[in-house]
Structure formats: C-alpha cells, structure tokens
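We count ligands from 1, going down the list as the structure has it; atoms in each ligand are counted the same way. Just so you know, residue 1 is the first one in the sequence shown, and it goes up from there.
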Amino acid sequence: MTDSNLALDPETFRQLAYRAVDMAADHLAGIRDRPVYQPMTLDQRADLLDQPLPLQGITPAEILDRFAETVLPFPMGNGHPRFFGWVNSPPAHLSVIAELLAAAMDPSAAGGDHAAIYVERAAVRWLMELVGFPTEGSMGILVSGGSMASLTCLAAARHRLALRQGWNDRTDGMTSEHPSLVVYLSSEAHTTLHKAVELLGLGTRSLRVIPVDADFRIDVEALREAIAEDRAAGRLPFCVAASAGTVATGAIDRLDLLADVCVEEDLWLHVDGAYGAIGILDPDRQERYAGMGRADSLAIDPHKWLSIPVECGCAIVRDGALLRDTFSLVPGYVRTEEGRGIGGLPWYSEYGFQQSRGFLALKLWMTMQQVGRDGYVSLISRHNVLAQTLARLVDAAPDLERLAPVELSIVCFRYRPTEVVLGDDALDALNKAIMEEIQAGGEAFVTQAIIAGRFSLRANIIHHGTTEEDIAMLIKTVRRTGQRLAATETSV
Ligand SMILES: *Cc1c(COP(=O)(O)O)cnc(C)c1O
C-alpha cells in the first residue's frame, strides 16, 4: 500500500463506479423532463469558482455528492431533444460507457503496437468510407475537433506548396522572400479557418474572402476572377477552403466545380465538413456532395452529427505520405522499429501536432458499430426531414419569416410581428431579445446566425430524440415569446 489515494481497492472502485453509472443513467433518462437549459445563480457559480483546493484529500464519496449537487444539475443543454443551438449533439449512450473504459486503459495513442492504435485506424477508415473518401494512400487522424482538423490539413497544404516552390516551410519558416500565399474561402466559411491561417503564419491578409450566391455557396466565377487577379499581382494562390455544410445555414459549396478549378489552377482543395460532411449519407442530399471525394483534405467532426461526445474531430488527407512529411519529427526517445518491441505502424505523432494523444477512437469505434451505416443514414435523413418540417411551419406562420434555404438540418428564420411594421434594426433587436428569453426560459434552445447582415434565429436539428412535437413546440415558443416582446416593445 502507498499513502496516495490514486488507487482504490477493487470493491470501493466498483461501488463508486456503480454510483456514478446510476447518476449517468438517471441523468440521461431524465433529461426530457428537465428544462433544456437553466442559468446558474450567482451563488451557484461562486460555489464552484471560489472553491479552494483541499489541503488534504477528501473522500470520493464526498466528491460524488458534491458533483451531484453542484455540477450535474447544470448542463449546457445539448442533451435535451429541444436543444437546437449551434452544432452540439447529445452523447451516444454507448460512447459514455466507452469514455470510462478508455480512461481505464489510458493509452497514449501517440503510437506503438497496442490495440488503441488499430482501433483508431479502423474507426478513421470507417469514417472515410462513410463519406466516400478514398482510403488507399489517405491518412486520417483524430483530433480535438474541426478547428484542429482544418489546421492540420492546411499545414499539409502549405507544406506541399512550399516543396513545389523549391523551399521548405519546415526549415525556412514563412519569410518575406516568398510571394505571399493566398487561401480562398467564402464569406460563409467558418472562422476557425481564419484562425488556422493566422496560426500557420500566413496572416489574414493571405485570406481572400469570396462572396456567395443566393444559396450561400461560394461564387465560383468570382473565385476564378480572384485567382487570376492574384496571379497577375504576383501572389501565389495555393488553397481553396470549401464548405460542406456551413455553420450558419448548412450550405454546401459546389465541390465538383471547385475540384475542377483546383485541378486547373494546381491548388489544394480543403473541405470543411465539420458539421455537414456526414450529410452525404442522406440519399436525398447525396448528389450535392459530388466532388467531396476529390478533395485533398477533409475535416469531419464525429462530435457533431455522429453524436460522439466532445471531443472528437478528424483530419483526413488524401496524400498520407505528405501528411507524415508535414509533421514527422521523431525525438530520439520514441524512435521504434516496426515489428520490434512496441514498434508498430508509423506513429500518429508523425501525422499531427500532438505527441501524447487520448484514446478518442474507442467511443467512435463502439458507437459506429452499434449504429451501423444504415442507422446513421436513417438518423441523418430524419433530421433533414424534421428541418423541412420546421421550415414549412415557419413558412406557414404569418409572423415568422425564413431567411435562408434549408439544405441540411439547419433552419434560419426570424419573428416579424404582423400588427406593426418594424425596420430591420428593430427586427434584429427584437429577435435577439426573443433568443435570449428562450435560452433562459428552458422550453427550447436556439442560437443565432447573421444572414446577409441581419440577425436570425437559428435552429439545428441534431438530436436523436427530437420529434415533430418538439419542432411544433419550438415554433409555439418563438411565436409566443415574439408576440409578448413585440407587445411590450410597442407599449413603451
Ligand atoms: C463546428 C465547426 C467547426 C469548428 O469545429 P470544432 O469542433 O468546434 O473545433 C468548423 N467548421 C464548421 C462548419 C463547423 O460546424
């Protein structure tokens, strides 16, 4: 025995874990009966914020008590079937169990010859197959999310460009001796792509933001013109960062056309499919994804539409050898040989920025097997159908106005009172107030999008338990809140 508390005797471990499982099971089973979201009081926040670290450890039982009282009752809300905010799915229940088992094994998936590595290889290959990305020669790596996935992919894009231009970004860094590089993306592209470009040392001045068409897809003609302009000015175009499911409206860029442009212009095609790449599983949407399999790289977030608990993102690169060349730097202390000792496949740490890596793959591997391809096809298709239902209800309501086409499972709309005529600024303010009231009210949860400069309510259907009644209730809540706020607005 040691004097640390890190090891529990097996019986104590069992009892504590059973209690934790009961808490998790009750939590998951009771979600529908609780408010979607409940703001914490100042005291409840302070209780957590100001808690001192005990000098002497306290018992696990006391800690679980405290968790049950001060943490568990205040979730973000995404477990609830009427949480329509951002792109936050509920956890697949089997994934919750997988998290416990992954922690019990606690491998570092940096690399080596142990099961976690092969589980990740398999799960990532399943992801590629699910979205129709070629597996032969490609390489994928699980990362924290879409942000890290796009950063990883764009690093590979930069590396290829540098090598083709006869310099090496890894040794030379970004210097002013090289023409300034240009990345193209649409005005609807996710801001994490901007961040990635900044972190890669390209500077946001290397971003060329291309306008979108009426369906919020990148304007391919404008893109071609911008590329020509940049070349004429001596700049070096190197990458188009497309969207397969924008975060605001779910728009899918015309990937086939973009792939053509990239071939003609010798550019890297990156597809940000963090939310939407999985939408390809809906047979009614499939053709909109034509060309996605031609991309040089793809970012997918299993922690979105596949309902894997956060965090679980995936970076996929068509040229796996190039990805390795972008990141491989094997310190002496982890050099291994295949087939000897713990040597195994090339280490994951050669394909990305992280050295130690968690066993993210286990929850993905378990949940994908449980749901199966068909299960995901019906889940994703049902969400898209529910979004169409929501759009029809919006269109039918005299005081609601839809602000964007519904491509996938996102609906953008606003409340517009019928009794008074409000200008756009007043409508922005009113709808922001409606959103805030609804968020704090607990009946449903919506967030916002800015559509052509105007404030929009935005509902994303991504929960396996959401029903048509939930959709109807969202509509009711928005209209009731809108009517009440519009009445008080005009009476002051
Ligand atoms: C969520 C999202 C991201 C960012 O991914 P994280 O998992 O939050 O890091 C990027 N692009 C799109 C389209 C997204 O929906």
Undergrad: When you measure from the centre of the six-membered ring of Tyr348, is the NZ or CZ of Arg357 under 6.0 Å away and within 45° of the axis?
TA: yes
Undergrad: Side-chain donor-acceptor pair under 3.5 Å between Arg164 and His159, yes or no?
TA: no
Undergrad: List, ordered by chain and residue number, the protein residues whose closest non-hydrogen atom lies under 4.0 Å from any atom of ligand 1.
TA: Gly145, Gly146, Ser147, His190, Thr192, Gly245, Val247, Asp272, Ala274, Tyr275, Asp301, His303, Lys304
Undergrad: Could you verify whether a donor N or O on one side chain and an acceptor N or O on the other, from Glu443 and Thr477, lie under 3.5 Å apart?
TA: yes
Undergrad: Report the C-alpha distance between Ser328 and Glu350 in whole Å, list the side-chain angles of each, state the deciding distance to 0.1 Å, and finish with yes or no for side-chain hydrogen bond (donor to acceptor under 3.5 Å, both in side chains).
TA: CA-CA 4 Å; Ser328 178; Glu350 291 189 64; 2.7 Å; yes
Undergrad: Name each donor-acceptor pair under 3.5 Å that joins a side chain in residues 274-283 to protein atoms two or more places apart or in another chain, with its distance.
TA:
{"unit_1": "Tyr275", "atom_1": "OH", "unit_2": "Ser409", "atom_2": "N", "d": "3.0"}
{"unit_1": "Tyr275", "atom_1": "OH", "unit_2": "Ser409", "atom_2": "OG", "d": "2.8"}
{"unit_1": "Asp282", "atom_1": "OD1", "unit_2": "Asp284", "atom_2": "N", "d": "2.9"}
{"unit_1": "Asp282", "atom_1": "OD2", "unit_2": "Asn384", "atom_2": "ND2", "d": "2.8"}

Undergrad: Say whether His270 and Asp296, considering side chains only, have a donor N or O and an acceptor N or O under 3.5 Å apart.
TA: no
